[in-house]
Each structure stands twice: as C-alpha cells, then as structure tokens.
Q: 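Have a look at the structure that comes next, please.
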Amino acid sequence: MTTKPKWFQTTAIDYPNSRPHIGTAFEKLGADVQARYRRMEGYDVFFLMGNDENTLKVADRAKELGQDPQAYCDDMARQFQEVWKALDISYDCFIQTSHERHKTCCRKFIQKVYDNGHIYKGDFEGWFCPGCEEFKSDKVHAENAGQCPNHKRPLIRRVEPCYYFALSKFQEQLLAHYERNPDFIQPESRKNEIVSLIKTEGLRDVNISRAGEEWGIQLPFDPAFTSYVWFDALLTYITGIGYADDEALFRKYWPADIHFIGKDITRFHCALWPAMLWAAGEEAPKQVFGHGFVYFDGDKVSKSRLEELKKKGLDYLLEPMQIIQKFSSEAFRYYFLRECPYPSDGNIDPDQFIKVFNNDLANTLGNLLSRTITIPSKSLQGQFPGTAGRKPEAVAPEFDAGKLAAEVRSRVEACEFSQALQAIMTHLLYPANKYIGDQEPWKVVKADANAASLILHNVVESLRIASILLKPFIPRSAEAIYKSFNFPKPWDEVSYADAAELQAQPDDLRVTAELVDGKVKPLFPRIV
RNA sequence: CGCGGCGUGGAGCAGUCCGGUCAGCUCGCCAGGCUCAUAACCUGGAGGUCAUAGGUUCAAAUCCUAUCGCCGCAACCA
C-alpha cells in the first residue's frame, strides 16, 4: 500500500457582512486550481474554506436587518457556499467561526498559549469613540483633528484592562524563519514587504481581548473578555482539521502546505500566525501566498464607483452569481485565471471578458473540437481508422509534450495561472488550429480516408493533452472534450504525466460525443 | 524621506530575477487564402526612441543611479 502525500490548503475566511464579491471569488478560484491540480497529481488533498463571523460588524449587520446574529451568519454561510458551488470550488470543509466546534478549538488553543506564558494582563490606552464604542488609532485621531470621522464628536482618552499576546518575543524567530524558508512568503515582493516592516517598525505585543461584548468567543481564563477577531479567525485553519476534536486528523494534515490570502492581510499571516502557533507548541505553516486584487477598469471598486456601474448596467460584473448566470462558471473561471495574474493585480473589463472568451474558448478550443469531429462523423462513420496502436505525431515540429507539461506544471505550482494557460494556447492549441488548416483533411478525405484519419488523429491527441492540462482550470469543459473520444483511461484517473507524451491508444479512436446532424453542439457558443 | 506595484506599436499584456537567441502574444486595422468548423480557421502587411536622462558593458526592455507620470496598501473593503 502506498501512502499518498498530503496537501492541506486554505483560503482566507471572509466576513459575511456582505455577499461574496468578485475579489473573494478570485481568491477561491486560484486556490481551487491548486487543489484540483494536487488531486490529479496524487495528493491526499484537504481544502478548507470558511466565514469569519465573530466580528462586531456582523452582529451589527444582523441587528440592522432585525435578525438573530447566528441565524444571519448561517444564512450568509449558505449563500457563500451557494456561490462557491456554482463556481465549482472543490472545498472539503467549510468552517463558520460562530459554531461551537470552532469555539472549543479556540478555547483550547488560547488556554494553551496562556499556560505557556505568552499571554499577560495589562492596560490598553487609546482614543475611544463612545458613538462607535471602539478605539480609534492615533492616526485617525491626528487626521481628524481629534474627532471621530463617523460621529464628528471628540474622541476621548480611555484606559481599560486587557490581555496581550507577547508577539514581540517572536520577532527574531520570525526573521530567522523567513531566512531559513525562503518560500515561506510568496510571491517574493510580499516577503520583502514584511521583512522590512518588521525590521523598521518592530513587532509590538497585540491586545487580543475585547471587553463587554456579547458576540464573540470568551477567553477561557477570563469570561469577562472576548477574543480579538484575528486571534480567533486564524484558528479556523486548525479547527477545520480537528485541532480540538480529531487529533489524528490534525496531526495528519498540519502544518498547512499553503494559505491563500489577499495581499492586504499578509502581516497577520506571516507574523502573528506563526508566532501564535509557536506559542501553542505547534509548527508554522509551510507557505503563505498573498495574491493580488481585481480592479474594475484599473480602479478599485468603491461605493461611488459601484453606483456609476449600476447606472451603466455593468454592476453584474461584480456579482459572481450574476456573471455565472449570464455566461457560465467555466467562462468566469477562464477569464480570471487567464487575464488576472494571480500573484499580482488584475482587471475586469466587460469587453475584455467577451474577447477572451471568444478568442480562446470559442474560436480556438471549442472550434477546434468541432472541426475535428465533423469529418469522421460525416465521412468515416464516427471512426478514426488506422489509429489503433499508432503513436500520434506532433502538430508542429517544435511541439514537445513533455516540455509543455513541465512548464504548465511549474506555472501551476507557482500559482502563475495566467502563464500556464497562455502556454497551453501558444504551444498547443494555436499550432493545432494551424496544422488542421495546413493539412486540409477535408480535401484529403475525398481521395484517401485513412490519410485524413491520421491527420485528425494528431489533432485529437492535441485535444487530449489540452483537456488534461486544462482539467484544474475548466473542469467541466475539459471533461467534455476528453469524453468526446473513446480514450480508455478513466477521466478521474488522468494526471499531468498523461499529458507529457504523445500516446498511442489500443483501439481505433472513435467519436463518442453527442452529435446533432453529424456535428457537436458548440462547447462554448460565441458571445456576440 | 511610510511600504509596494506599474509605465513595451491604437487597446490589453508577456519578456526584466539569470544582459546577447527579443522586440513577442491576444485584440483592433489593411490585403489575401481557405471553406472541415461556433461568420469560426490560415497567411502576409502597416504600426513601437521598450516612460525620461545619465551610467556599466563588446552588447541593455533586461543591471546601476536619478527624474517624471499613474496606481494600490498604509485605516477590520480580498
């Protein structure tokens, strides 16, 4: 019995005070490609997602709507998962931080950190707004002439007892960790950012308690306080794999292989989180990946921008569910993965969306499938005679399946999804379209059916390779392409190794796709 | 001097880490070919001082310095 290597990955947990938007979807998409790729490569994958509910904003939002906070959270969690499922995000577990399972985990963890002597009681002094009932930073105080920007009332100096996590103690250990594990923070620009932040500003101890709040997790050693959101939010990464209730599962999957996060929360994941884990006697995660953001036409999507888009009828582009309904989940996935370089920022643009879809998916990939199938289905009884046992030929002299598979593989592992897709297009699918045009099988078939069959065989092989390489990106379409022919290897068992060489098949190839009038239904109907 | 990113033919980008094989890709435009295919496909063409100015080098989009312009984060928006 061989044991599969494990792969544990997470995405950032989201605040459910509004519906999932385009940016959160972007994060899940990249993570999903990684998870699907790892599964294909034989990893035992655990893909964790969830919602971060123990924040006052959530409680406030529920109150606004006249709902019980828990009911509100559960409903939002349902809505989030609805979107993720529609997008084919293949998560294994969805955590809600307001659920008891998570709270048990937090208490156990926080108690451990406390017992290990990394939490101490002190005082917090700062500028407090009675209207907001919260402390404001010195910067807010300075920039607003001592007034609360929301309430336009003077901020008052206030001191209250609190608990601190001794983050500063871990500063040197963190810097040493980054040094020893150069891949811990990806991409590299994020790492430079965090290192210089720590070196110039230093790490201060963090106030991890909030007083007098009902919504949240009580500190196990002092129920008068609830936990600061970050101190509980990060713990979802271990809750989901059984930190408090399934030791074996936890030991199997921890440490995480990769945490996908937005670049804005890098410091929490790269500094606070490893320190917390060490404080509780656990290992730090192996890697934190800070992806870029999605902008609309080069700008951030602000409230005012949203109003403007609504007037133009383009606001649907910000609502994942509406894009999926208007186009398809595959179109959605492809656009973002192709157009937005995951490590850096990307753009959503309605015209570009249609261009990318039509060019890559409709004209190149979908059309290639159509033109490959029509000749055998109309002239050769759906067969490709003479192909049994024959090793297909490359569609271009410079095409090298092994090289392409290796490139796509390394791009995917580095989360450079747009480059992976570009490589598939440039090295495989564009040449395949050119090949079929140059060889003119529609003419050849009139004189020599077998010769035409062999030409098309080479194109079918390109489609087979493309479908496998594209499987993590557009799983449904890739499957449809693969299953358009009688390849003996089951779809669920293909891996990138199967795409790394031109393969002979035992039997003559045959069209197995559903046909109407001798033609396949367009896989990606052009958007006009 | 808070931190980070970007500036490449009309548009959007890749290439920059590890200088030469680089000026590449998609769209758009012009001309032609083809007709198997989703009015799809293929070929050719026009169009670029690789932001600017210096420097290093036999050689710079690529390395160094400075300048200009745009953007993001910095404040619980991923």
Side-chain angles (χ1 to χ4, degrees), chain A residues 11-15 17-18 20-28 52 55-58 134 136-141 143-144 149 188-190 192-194 196-197 200-201 228-230 233 260-268 290-295 298-303 338-341 343-347 349 351-352 354-356 358-379 416 418-419 422-423 425-426 430 432-445 452 455-456 459 518-528:
Chain A
T11 57
I13 52 175
D14 301 306
Y15 288 120
N17 47 359
S18 65
H21 60 95
I22 206 78
T24 51
F26 179 56
E27 171 175 302
K28 313 311 174 206
D52 183 7
T55 164
L56 267 189
K57 289 222 163 145
V58 170
E134 64 183 21
K136 303 288 178 183
S137 67
D138 290 347
K139 194 130 189 174
V140 170
H141 179 264
E143 285 177 1
N144 297 280
E188 191 148 355
S189 55
R190 296 279 105 73
N192 298 337
E193 209 172 328
I194 202 85
S196 78
L197 180 90
T200 57
E201 291 182 23
Y228 165 52
V229 280
W230 273 108
F260 289 100
I261 58 163
K263 61 182 182 180
D264 56 328
I265 51 177
T266 310
R267 65 164 75 182
F268 294 105
H291 62 75
F293 289 166
V294 176
Y295 298 101
D299 286 326
K300 191 167 120 162
V301 183
S302 58
K303 283 254 165 64
R338 171 80 212 253
E339 279 299 298
C340 304
S344 42
D345 298 337
N347 238 317
D349 175 282
D351 297 330
Q352 190 67 7
I354 291 169
K355 269 185 200 165
V356 166
N358 282 345
N359 187 59
D360 284 3
L361 294 181
N363 298 352
T364 301
L365 181 59
N367 187 41
L368 184 64
L369 179 71
S370 300
R371 61 197 310 213
T372 305
I373 284 179
T374 307
I375 295 171
S377 85
K378 285 191 173 168
S379 310
E416 294 169 342
S418 60
Q419 269 115 325
Q422 188 177 348
M425 287 294 150
T426 307
Y430 295 154
N433 255 321
K434 176 171 159 48
Y435 174 82
I436 201 169
D438 290 346
Q439 297 294 319
E440 303 182 314
W442 56 90
K443 281 186 186 163
V444 174
V445 75
I455 291 165
L456 290 168
V459 180
K519 293 186 173 194
V520 274
K521 204 174 99 198
L523 193 55
F524 305 102
R526 276 177 64 84
I527 303 169
V528 281

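Scope of the values below: all heavy atoms of this structure, side chains included, with no hydrogens, waters or symmetry mates. In what follows, chains are A, B, ... by sequence order, proteins preceding strands, each numbered from 1.
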Q: Any base atoms under 4.0 Å from A/Leu456, or only sugar-phosphate, or nothing? Heavy atoms, all strands.
A: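 A/Leu456: no heavy atom of the nucleic acid under 4.0 Å.
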
Q: Judged by each residue's nearest nucleotide on RNA chain B, which is more toward the 5′ side, A/Arg526 or A/Thr426?
A: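 On the 5' side of the pair lies A/Thr426.
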
Q: Hey, does the side chain of A/Asn358 reach the backbone of A/Ile527 with a donor-acceptor pair shorter than 3.5 angstrom?
A: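 Yes, A/Asn358 side chain to A/Ile527 backbone: donor-acceptor pair under 3.5 Å.
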
Q: Reckon A/Asn363 has a side-chain N or O less than 4.0 Å from the OP1 or OP2 of B/U38?
A: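 It does not, given that no N or O in the side chain of A/Asn363 lies less than 4.0 Å from OP1 or OP2 of B/U38.
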
Q: Using atom CD1 of A/Ile194 as one end and atom P of B/G4 as the other, report the distance to the nearest whole Å.
A: 12 Å

Q: Check A/Gly292 against A/Asp345 and note the closest heavy-atom contact, atom names and distance.
A: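 That closest heavy-atom pairing would be CA-OD1, 3.3 Å.
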
Q: So what is the 5' to 3' dot-bracket string for RNA chain B, if pairs are Watson-Crick or G-U wobble with both distances under 3.5 Å, crossing pairs use [ ] and | means the partner sits on another strand?
A: .(((((((.[[[[.)....(...]]]].(((((.......))))).....[[[[[..)....]]]]])))))).....

Q: Roughly how many Å apart are B/C1 and B/A11, using the P atom of each and rounding to a whole number?
A: 39 Å

Q: Any side-chain N or O of A/Gln419 under 4.0 Å from OP1/OP2 of B/G15?
A: yes

Q: Can you check the A/Leu361 CG to B/C41 C1' distance for me, whole Å?
A: 17 Å

Q: Between B/U26 and A/Lys355, is there an OP1 or OP2 to side-chain N/O distance shorter than 4.0 Å?
A: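 No, outside the criterion.
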
Q: OP1 or OP2 of B/A78 versus the side-chain N and O atoms of A/His291: is any pair under 4.0 Å?
A: no

Q: So if I define the base as every atom that isn't primed, P, OP1 or OP2, how would nucleotides 31-37 of chain B read as a B/S/- string at a heavy-atom cutoff under 4.0 Å?
A: ---SSBB

Q: Starting at CG of A/Asp345 and ending at C1' of B/C6, how long is that distance when rounded to a whole Å?
A: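 Rounded to the whole Å, the gap is 10 Å.
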
Q: What integer number of Å spans the P atoms of B/A60 and B/A51?
A: 15 Å

Q: Is there a donor-acceptor pair closer than 3.5 Å between any side-chain N or O of A/His291 and the backbone N or O of A/Ile261?
A: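 A pair under 3.5 Å: yes.
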
Q: When the P atoms of B/G47 and B/A39 are considered, how many whole Å apart are they?
A: 33 Å

Q: Verify the distance criterion only: is there a donor paired with an acceptor across the side chains of A/Asp349 and A/Tyr295 at less than 3.5 Å?
A: no

Q: Calculate, to the nearest 0.5 Å, the distance between atoms OG1 and CG belonging to A/Thr55 and A/Asn17 respectively.
A: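 Spacing of OG1 (A/Thr55) from CG (A/Asn17) equals 7.0 Å.
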
Q: Please give the distance between the C1' atoms of B/C13 and B/A61 as a whole number of Å.
A: 14 Å

Q: What pair of heavy atoms forms the shortest contact from A/Thr364 to A/Asn433, and how long is it?
A: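 Closest approach of A/Thr364 to A/Asn433, heavy atoms only: O-ND2, 3.3 Å.
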
Q: Calculate the interatomic distance between A/Arg190 atom CZ and B/G4 atom C1'; express it in whole Å.
A: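 Going from CZ in A/Arg190 over to C1' in B/G4 covers 7 Å.
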
Q: Remember a base hit wins even if backbone is also touched, and classify A/Tyr430 as base, sugar-phosphate or nothing at under 4.0 Å, heavy atoms.
A: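 Sugar-phosphate, backbone atoms only, no base.
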
Q: Between A/Thr374 (side chain) and A/Lys519 (backbone), is there a donor-acceptor pair under 3.5 Å?
A: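 Checked: no pair found.
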
Q: Grab the CH2-P distance between A/Trp230 and B/C77 for me, whole Å please.
A: 8 Å

Q: Rounded off to whole Å, could you give me the CG-to-C1' distance for the A/Asp438 and B/U43 pair?
A: 9 Å

Q: For the side chain of A/Ser196 and the backbone of A/Glu193, is there at least one donor-acceptor N/O pair under 3.5 Å apart?
A: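 Present.
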
Q: In whole angstrom, give me the gap between the C1' atoms of B/C17 and B/G5.
A: 16 Å

Q: Taking the nucleotide of RNA chain B with the closest heavy atom to each, which residue, A/Asn358 or A/Lys263, is nearer the 5' end?
A: A/Asn358

Q: Output the distance between atom NZ (A/Lys28) and atom OG1 (A/Thr11), rounded to the nearest 0.5 Å.
A: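 OG1 of A/Thr11 is found 3.5 Å from NZ of A/Lys28.
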
Q: I'd like to know if the side chain of A/Arg526 pairs up with that of A/Asn367 as donor and acceptor (distance under 3.5 Å, no hydrogens or angles considered).
A: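 There is no such pair (donor and acceptor under 3.5 Å, judged by atom type) between the side chains of A/Arg526 and A/Asn367.
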
Q: Could you state the atom-to-atom distance from CZ of A/Arg267 to C1' of B/C73 in whole Å?
A: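 That distance rounds to 10 Å.
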
Q: If we take the C1' atom in both B/A31 and B/U21, what is their distance in whole Å?
A: 31 Å

Q: Rounded off to whole Å, could you give me the CG-to-C1' distance for the A/Asp351 and B/U26 pair?
A: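 One finds 15 Å between C1' of B/U26 and CG of A/Asp351, rounded.
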
Q: Taking the same atom, C1', in B/G7 and in B/A14, what whole-Å distance lies between them?
A: 15 Å

Q: Report which part of the nucleic acid A/Glu188 touches: base, sugar-phosphate, or nothing (heavy-atom distance under 4.0 Å, all strands).
A: nothing

Q: Using a strict 4.0 Å threshold on nitrogen-to-oxygen distance, state whether A/Lys355 and A/Asp351 make a salt bridge.
A: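 Looking at A/Asp351 together with A/Lys355, the answer is no, because their closest N to O distance does not fall below 4.0 Å.
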
Q: Under 4.0 Å, counting only non-hydrogen atoms across every strand here, what does A/Ala12 touch: a base, just sugar-phosphate, or nothing?
A: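 Nothing: the residue A/Ala12, judged by heavy atoms under 4.0 Å, touches no strand.
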
Q: Sticking with atom P, work out how far B/G12 lies from B/A75, rounded to a whole angstrom.
A: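 Looking at atom P only, B/G12 and B/A75 are 32 Å apart.
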
